[in-house]
Amino acid sequence: MSSVTVTLLPGDGIGTEVSSAAKEVLTETGVPIEWEVVEAGEACIEKYGTPLPEHVLESIKRNKVALKGPITTPVGKGFRSVNVTLRQSLGLYANVRPLRTLENVPSRYTNVDMVIVRENTEDLYAGVEHKVGRDAAESIKIITREASERIGRYAFELAKRQGRKKVTIVHKANIMKLSDGLFLESIRHIAESFPEIVCEDKIVDALCMNLVQQPEQFDVLVLPNLYGDIVSDLGAGLIGGLGVAPGANIGEDGAVFEAVHGSAPQIAGKNEANPLAMILSGAEMLEHLGYNDHASQVRKAIDSVLVNRELLTKDLGGNAGTREFAASICKAIQAL
Ligand code: NAD
């Protein structure tokens, strides 16, 4: 099997701990990955004068795939968020969050299995805002047919690839008839090319209520940027919280896989962080690269370790540290 080079950004705070755990677990499967480790984030500011030096972007552009730890956004220091810059520089237009309940992870629900596909480049997050006089401000919501069709196509192709049955387009077109109306119309048009997949639409507020009442009725959700951001965190809450929620940012020419959580400075360096979200992001990355057997080893090993409460990290009700938890998963891989 041919090997690939993947850029690894350990990140800030708990990032170094959870990415080292993820690397250890993925390596244990024997997957032929060469890791190109590059620093980004706080450590770089002093050394390079920026949290995202050019050589980091070049590495991801060259390798086309990265596994990234969380990066702290310095508040009030005049740096743009590394995450936003990465997204824009690499054209990562789809934010993808698979939500699957894991047996033995404490959660209110037992049968969630859906994917949230969030448009990552426009909407109110395009950053077009201005003051109107002293006491008013305007933010402009940008929705284009091109970006809406692109994210719609991504959602339907993902549904087809994963054997999923339904795509729900989420919007507020009853109020924002032009912008959300265009999002809805563009994706309905894409749906016509996928007759085997059911296409429905939901108003975002109704969706939130339905997600809390009966999340199992949803399969793939496709949303504009702002609703996607909010609903994704609601989704993480459905499956047991930030410690277990993986994610990916996908573009035409590259992909960056990362946990949903941030750098959690309060618990950094204490061997307390749950590395599961990062390890699951790694499994998603293996599937993206076509290493499906290796990914399935990781998932099976995780399921077997989760059975024993003692082996889990604090946030999941156990006593194990980050390193011990990762070591148990490695041991379970050896035993498969
Ligand atoms: P956070 O996700 O870091 O922490 C929120 C809460 O969840 C904290 O109580 C934390 O201890 C806990 N937590 C998070 N991950 C955990 C894990 N793996 N195991 C156990 N507990 C975990 O969110 P925040 O505090 O809002 O942000 C901290 C920093 O991270 C900020 O600078 C923010 O900008 C940055 N951030 C980065 C990313 C990213 O790089 N993708 C995402 C979100 C936040």
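Worth saying up front: this structure is predicted, and the values here are computed from it rather than measured. Every number for a ligand or one of its atoms is a count from 1 in the order of the listing.
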Indicate yes or no: does [X] engage [Y] in a salt bridge with an N to O separation below 4.0 Å.
{"X": "Glu122", "Y": "Arg150", "result": "no"}
{"X": "Asp253", "Y": "Lys61", "result": "no"}
{"X": "Asp113", "Y": "Arg164", "result": "yes"}
{"X": "Glu17", "Y": "Arg323", "result": "no"}

Check your understanding: Looking at CG of Asp123 and OH of Tyr227, how far apart are the two atoms once the value is rounded to the nearest 0.5 Å?
Key -> 7.0 Å
Check your understanding: How many angstroms lie between CG in Asn63 and CG in Leu8, if you round to the nearest 0.5 Å?
Key -> 11.0 Å
Within the structure, does at least one protein heavy atom fall under 4.0 Å of [atom]?
{"atom": "atom 1 (P) of ligand 1", "value": "yes"}
{"atom": "atom 24 (P) of ligand 1", "value": "no"}
{"atom": "atom 30 (O) of ligand 1", "value": "yes"}

Study note, to complete from the structure: Taking every heavy atom of Arg188 against every heavy atom of Asp201, the minimum-distance pair comes out as NH2-OD1, 3.0 Å
Review point. So, for Ile60 and Val256, which heavy atoms are closest and what is the spacing to 0.1 Å?
Key: CG2-CG2, 4.2 Å
Give the residue and atom name of whichever protein heavy atom lies nearest to [atom], and the separation in Å to one decimal.
{"atom": "atom 12 (C) of ligand 1", "value": "Ala264 CB, 4.5 Å"}
{"atom": "atom 7 (O) of ligand 1", "value": "Leu242 CD1, 3.8 Å"}
{"atom": "atom 8 (C) of ligand 1", "value": "Gln266 NE2, 4.1 Å"}
{"atom": "atom 14 (C) of ligand 1", "value": "His261 CB, 3.7 Å"}
{"atom": "atom 41 (N) of ligand 1", "value": "Glu258 OE1, 3.1 Å"}

**Study point:** Proximal atoms of ligand 1 relative to Pro70 (non-hydrogen, under 4.0 Å)
**Key:** 39 (C), 40 (O)
Check your understanding: For ligand 1, which atoms sit closer than 4.0 Å to a heavy atom of Thr73?
Key -> 32 (O), 34 (O)
Would you say ligand 1 has an N or O under 3.5 Å from any N or O of [X]?
{"X": "Asn83", "answer": "yes"}
{"X": "Glu272", "answer": "no"}
{"X": "Gly262", "answer": "yes"}
{"X": "Ile71", "answer": "yes"}
{"X": "Thr72", "answer": "no"}

Practice item. With the side chain counted from C-beta on, respond yes when Arg118 and Asn225 share a heavy-atom pair under 4.5 Å apart, and no when they do not. Key: yes
Check your understanding: Hey, does Phe218 have a side-chain heavy atom less than 4.5 Å from the side chain of Leu238?
Key -> no
Check your understanding: Pairs in or reaching into residues 305-317: which pass salt bridge (charged side-chain N to carboxylate O under 4.0 Å, His left out), with residues at least two apart or in two chains?
Key -> Glu272-Lys314
**Study point:** Glu252 and Lys64: CA distance, side-chain angles, deciding distance, salt bridge (Lys or Arg N to Asp or Glu O under 4.0 Å) verdict
**Key:** CA-CA 10 Å; Glu252 314 244 297; Lys64 303 201 183 311; over 6 Å; no
Indicate, as side chain, backbone, both or neither, the part of [X] found under 4.0 angstrom from ligand 1 when only non-hydrogen atoms are considered.
{"X": "Ile14", "answer": "side chain"}
{"X": "Lys68", "answer": "side chain"}
{"X": "Asn274", "answer": "both"}
{"X": "Lys314", "answer": "neither"}
{"X": "Ile267", "answer": "side chain"}

**Study point:** Min heavy-atom dist Ala273 to ligand 1 below 4.0 Å
**Key:** yes
Check your understanding: Can a donor-acceptor pair be found between the side chains of Asn319 and Glu324 at a distance below 3.5 Å?
Key -> no
